[in-house]
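Here is the structure we will look at.
Side chains are part of it too, since the values below use all heavy atoms of this structure and drop only hydrogens, waters and symmetry mates. The chain is numbered in sequence order, starting from 1. These numbers come from a predicted model, not from an experiment.
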Amino acid sequence: MLMNMSKSWITFLTITLLHCLAAVISQPFDYPTANLSTSWTNSISANHSITFADNSVVRSILLRGSFGPRYACGFYCNGTCDSYLFAIFIVQTNSGGYITMPSIGFPQVVWSPNRNNPVRINATLGLTAEGDLILRDADGTVAWSTNTSGRGVVGLNLTEMGNLVLFDANMGVVWDSFDHPSDCLVPRQMLVAGKNLTASANWTEGGLFSLSMTEEGLVASIQSDPPQVYYDKPFSKKYSEGRSYAEFQNGSLALYVDSVNSSSSPDVTIPTPLAASAQYMKLGTDGHLRVLEWEDSWKEVADVLTGYLGDCSYPMVCGRYGICSNGQCSCPGTSFRQINDRRADLGCVEVIPLSCNASESHSFLELNDVTYFTFVADISNTDISSCREACLKNCSCRAAMFRYGSNSSNGECYLPTQVFSLMNNEKDLTHYNSSVSIKVVQIAAVETFPAAAKGKTSLLGPILGSTLGVFGAVVVIGVTVSVYQRRKRNTRDVEEDYLDHVPGMPTRFSFEELAAATGNFDKKLGEGGFGSVYEGSLDNGTRIAVKHLDGVGHIKKSFLAEVETIGSIHHINLVRLIGFCADKTHRLLVYEYMCNGSLDKWIYDSSHEASSSLDWNCRRKIILDVAKGLAYLHEDCRQKIIHLDIKPQNILLDEHYNAKLADFGLSKLIDRDQTQVVTTMRGTPGYLAPEWLSAVITEKVDVYSFGVVVLEILSGRKIFVQSKPEEERYLLTFFKKKAEEGLWLDVVDKCCHDVESNMEEVEKMLRISAWCLQSDHENRPSMSMVIKVMEGDKEIKKDIDYNFLIPQYLISKTPETSSKDVTPLLPSLLSGPR
């Protein structure tokens with residue numbers, strides 16, 4: 001067996017592979033392994049390229065087995081072949097080892113790492129000399145990587161189980177695909193605690209559903225904030241040590257707890273059919289977990305969760321707000337209508353949308369004999385009236401769900417921010433003594449609770465200006481500036497002592513620890529105005545981005561500002577500061593790693609390859625994420641935080657293109673009762689609001705910068721481009737002209753292919769940008785107002801002035817001639833390939 005190979009045999013194998021695998025065309029029929037420095041190209045003329053009856057294409061790189069359904073990996077497209085996945089798929093092979101073409105059913109993709117980043121013809125996959133498996137698009141940009149350089153990898157193997165493995169000289173596993181599942185499990189594959197399956201919507205990992213293994217058991221949930229659980233299979237005993245995992249076995253999905261070896265018995269077993277042929281398990285976009293088996297085609301042989309849940313217990317069986325009854329879908333009362341009259345399963349929408357600015361008209365529609373698939377108590381030991389009042393006071397609340405306690409009028413209250421499918425209480429379901437009240441705009445008294453409606457105006461008046469509750473509770477920032485506490489220390493010692501006494505600080509690292517974590521700072525991700533950023537990994541495997549502050553001029557000010565500002569606050573749209581280092585002369589900041597890097601890489605792409613991958617929905621989501629992050633800083637913290645350097649280089653994207661604000665080195669904290677602050681000019685030319693000329697600013701300078709960023713995202717270009725014709729060089733001047741002419745489409749990035757089908761939304765976003773760019777800061781909206789407009793809860797201002805004030809210094813000042821507080825126009829990456 002491979003595990004018993006001697007080093008000489010490995011050497012022989014490597015030499016053999018050098019000859020046999022130097023090019024794909026020289027591979028034999030069964031070629032499950034590859035050596036270092038091997039690469040493959042997604043070429044139309046490549047060997048082992050098969051086009052199937054449905055026009056899907058596979059170009060196999062590795063193949064395991066010689067007859068029947070077998071695993072292969074390589075490039076795959078689903079029929080249109082505009083883009084390709086690198087994938088592991090099940091194919092049918094004949095006795096000669098050739099992939100055959102049955103009329104239906106093959107190939108079947110069971111794993112892919114680049115669902116969110118497909119590649120094109122002439123993309124390459126390479127196993128580098130350093131041991132990193134890298135997928136590059138045709139233009140050379142990195143689409144995906146195992147990030148295993150320097151970890152002793154000597155080869156690549158596709159196992160008989162369908163596991164893609166990078167192994168070392170001792171045949172130990174360095175990296176494997178089983179540990180990074182996508183939406184499928186194959187037999188003998190484990191889903192360990194902390195990992196999950198994510199349903200695929202078309203090509204991308206955009207599905208709403210996920211199946212996760214936790215230390216408590218197996219959990220299926222639908223994406224919301226927070227996620228709503230629709231299936232929960234707990235362990236029978238409490239987790240204490242070891243590891244927990246689920247394994248897809250022949251005849252079951254077995255759950256193990258506290259297991260350290262494969263000989264232990266499962267704690268919980270979920271039955272599945274015994275395999276008569278090839279099988280795999282897939283989480284679908286409808287939330288169902290199905291087992292499929294090959295007969296004369298792929299057929300569903302089990303719906304794993306439905307036996308426990310019933311058809312009506314899936315969150316989207318009848319869409320949002322839909323009510324499921326014996327498999328039939330309907331809408332709740334006259335306050336809702338079907339999205340599609342011919343497709344009741346697509347869900348319902350409000351006849352009159354809810355609006356925070358019209359909250360005095362909010363009431364409730366009571367649903368009798370209706371339950372919800374989940375219940376998580378937000379308030380305990382309360383009564384139903386208080387539960388409804390709490391929902392009325394929370395703009396993001398969409399329903400008040402109440403469950404009575406035994407022998408009491410009190411109980412628990414659940415306030416979901418999104419309402420998915422509901423279900424009638426059927427005889428075979430547990431009938432809880434519960435109430436479901438959906439928040440609606442009052443249409444007819446027969447649908448409302450008059451008692452709950454009384455007196456609402458007086459309760460809601462003080463909260464009309466509140467931001468959406470989905471951004472989380474206010475986090476206390478314990479920042480007390482007291483640098484000169486110790487009389488006998490020099491400036492450096494005072495700073496270090498101060499950081500140790502600021503409450504809520506993240507982890508403090510030594511310089512040696514961070515040098516080891518980054519391989520002595522050998523992989524630079526980018527650089528910004530105050531330092532360079534390096535990729536690294538902590539001992540627990542957490543990937544990090546380490547910013548090493550360079551120079552002496554503004555190190556202390558930038559370092560303290562960043563640590564104090566984001567060291568003890570947390571928000572989904574702010575890059576998380578994991579830790580810092582203040583060690584003698586070294587000043588370093590440790591952030592979460594953001595694999596898609598900074599936004600400028602995606603919207604300033606002259607080759608249009610990156611920008612074309614950002615469709616309209618993705619761009620809109622990025623804008624909304626930035627708005628939410630700024631609204632949190634301006635309105636939800638104890639002290640108002642003004643970022644002062646909002647630009648694409650300081651907006652980072654994670655693997656799902658969620659946007660997060662970064663680089664708080666110039667930020668300013670002011671008391672909440674302060675309406676303005678006097679400070680020296682700081683920021684980046686082109687993003688500076690006109691009021692900087694007076695040095696008296698408010699948080700509206702961030703709103704102005706946000707308006708510029710929105711315009712850049714929509715137009716796909718920088719604020720100032722010297723090579724453009726004179727009338728187009730400065731984006732605001734060009735925007736003003738086109739807005740006045742009503743030629744909105746002329747401003748928008750031509751690489752955004754679906755822009756014309758969303759022109760109404762695009763024009764609305766351009767108007768929001770113009771609103772944020774008003775010369776008088778008092779005429780600009782707050783960030784919470786921007787969010788309400790984007791989400792349809794507020795109308796945009798009618799009389800927007802497009803005569804933007806454009807001080808010449810904003811475009812003429814260069815990094816060399818600018819004030820020392822102005823950051824240079826350099827890429828400011830915290831992470832991500834470039």
Residues two or more places apart in sequence or in another chain: which of them pass salt bridge (Lys or Arg N to Asp or Glu O under 4.0 Å) with [X]?
X	answer
Arg767	Glu763
Arg543	Glu535
Glu655	none
Lys660	Glu592

Check: [Y] and [X] side chains under 4.5 Å, non-hydrogen atoms:
X	Y	result
Leu156	Leu164	yes
Val173	Phe167	no
Thr148	Arg151	yes
Asn157	Pro32	yes
Phe89	Cys73	no
Lys718	Leu731	no
Arg59	Tyr84	yes
Leu36	Thr128	no

Strictly distance-based, threshold 3.5 Å: is any side-chain N or O of [X] a donor or acceptor partner for the main-chain N or O of [Y]?
X	Y	answer
Thr146	Leu133	yes
Gln189	Phe248	no
Asp286	His288	yes
Asn117	Ala143	yes
Lys764	Val789	yes
Arg290	Leu283	no
Asn42	Ala123	no
Thr38	Ala34	no
Thr159	Met161	yes
Arg64	Tyr71	no

Can you tell me how far the [atom1] atom of [X] sits from the [atom2] atom of [Y], to the nearest 0.5 Å?
X	Y	atom1	atom2	result
Ile88	Gln108	CD1	CD	13.5 Å
Ser598	Asn650	OG	CG	8.5 Å
Ile787	Ile623	CD1	CD1	12.5 Å
Trp144	Arg115	CH2	CZ	13.0 Å
Lys647	Leu661	NZ	CG	13.0 Å
Ile646	Phe706	CD1	CZ	9.5 Å

Problem - Steps toward side-chain contact (heavy atoms from CB on, under 4.5 Å) verdict (Met213, Asn196) - result: CA-CA 6 Å; Met213 193 64 205; Asn196 56 272; over 6 Å; no
Surrounding [atom1] of [X] (heavy atoms of other residues, nucleotides or ligands, distance under 6.0 Å), is the total greater than 12?
X	atom1	answer
Leu745	CG	yes
Glu741	CD	yes
Glu300	CD	yes
Leu624	CG	yes

Practice task
For Tyr280 and Glu293, test the side chains for any donor-to-acceptor distance below 3.5 angstrom and give the result as yes or no.
Solution key: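 Distance-only check fails for Tyr280 and Glu293.
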Handout entry: Distance-only polar pair, side chains of Thr198 and Ser210, donor-acceptor under 3.5 Å
Key =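 The criterion, which ignores hydrogens and geometry beyond distance, is not satisfied for Ser210 and Thr198.
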If you take all heavy atoms of [X] and [Y], which pair is closest and at what distance?
X	Y	answer
Leu166	Gly131	CD1-O, 4.2 Å
Leu197	Pro181	CD2-CB, 3.6 Å
Ile719	Gly686	CG1-O, 3.9 Å
Asp176	Val165	CB-CG2, 3.9 Å

Side chain to side chain donor-acceptor pair (under 3.5 Å) partners for [X], two or more places apart:
X	result
Ser177	Asn163
Ser421	none
Ser145	Asp132

Exercise for the section: Report the C-alpha separation of Arg619 and Asp749 in whole Å, then their side-chain angles, then the decisive distance to 0.1 Å, and conclude whether the side-chain contact (heavy atoms from CB on, under 4.5 Å) test is met. Expected result: CA-CA 11 Å; Arg619 295 182 196 227; Asp749 188 358; 3.0 Å; yes
Taking the six-membered ring for Trp and the full ring for Phe, Tyr or His, determine whether the centres of [X] and [Y] are under 6.0 Å apart.
X	Y	result
Tyr230	Phe209	yes
His180	Trp175	yes
Tyr657	Trp602	yes

Handout entry: Non-neighbouring partners of Cys329 that pass disulfide (SG to SG under 2.5 Å), sequence neighbours left out
Key =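 Cys329 satisfies disulfide (SG to SG under 2.5 Å) with Cys318 once adjacent residues are dropped.
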Exercise for the section: Show your reasoning for whether side-chain contact (heavy atoms from CB on, under 4.5 Å) applies to Leu714 and Trp616. Expected result: CA-CA 9 Å; Leu714 298 179; Trp616 165 246; 3.4 Å; yes
Exercise for the section: For the pair Glu761 and Arg620, find out whether any cationic side-chain nitrogen is under 4.0 Å from an anionic carboxylate oxygen. Expected result: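 A salt bridge is present here (some side-chain N lies under 4.0 Å from a carboxylate O).
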Exercise for the section: Take Tyr314 and Leu305, measure what side-chain contact (heavy atoms from CB on, under 4.5 Å) needs, and give me the verdict at the end. Expected result: CA-CA 10 Å; Tyr314 285 91; Leu305 308 182; 3.5 Å; yes
Taking only residues two or more places apart in sequence or in another chain, which ones pass side chain to side chain contact (heavy atoms under 4.5 Å, CB included) with [X]?
X	result
Glu728	Arg717, Lys724, Pro725, Phe734
Val748	Val755, Val762, Leu766
Asn658	Lys621, Asp625, Asp654, His656
Arg136	Thr124, Ile134, Val142

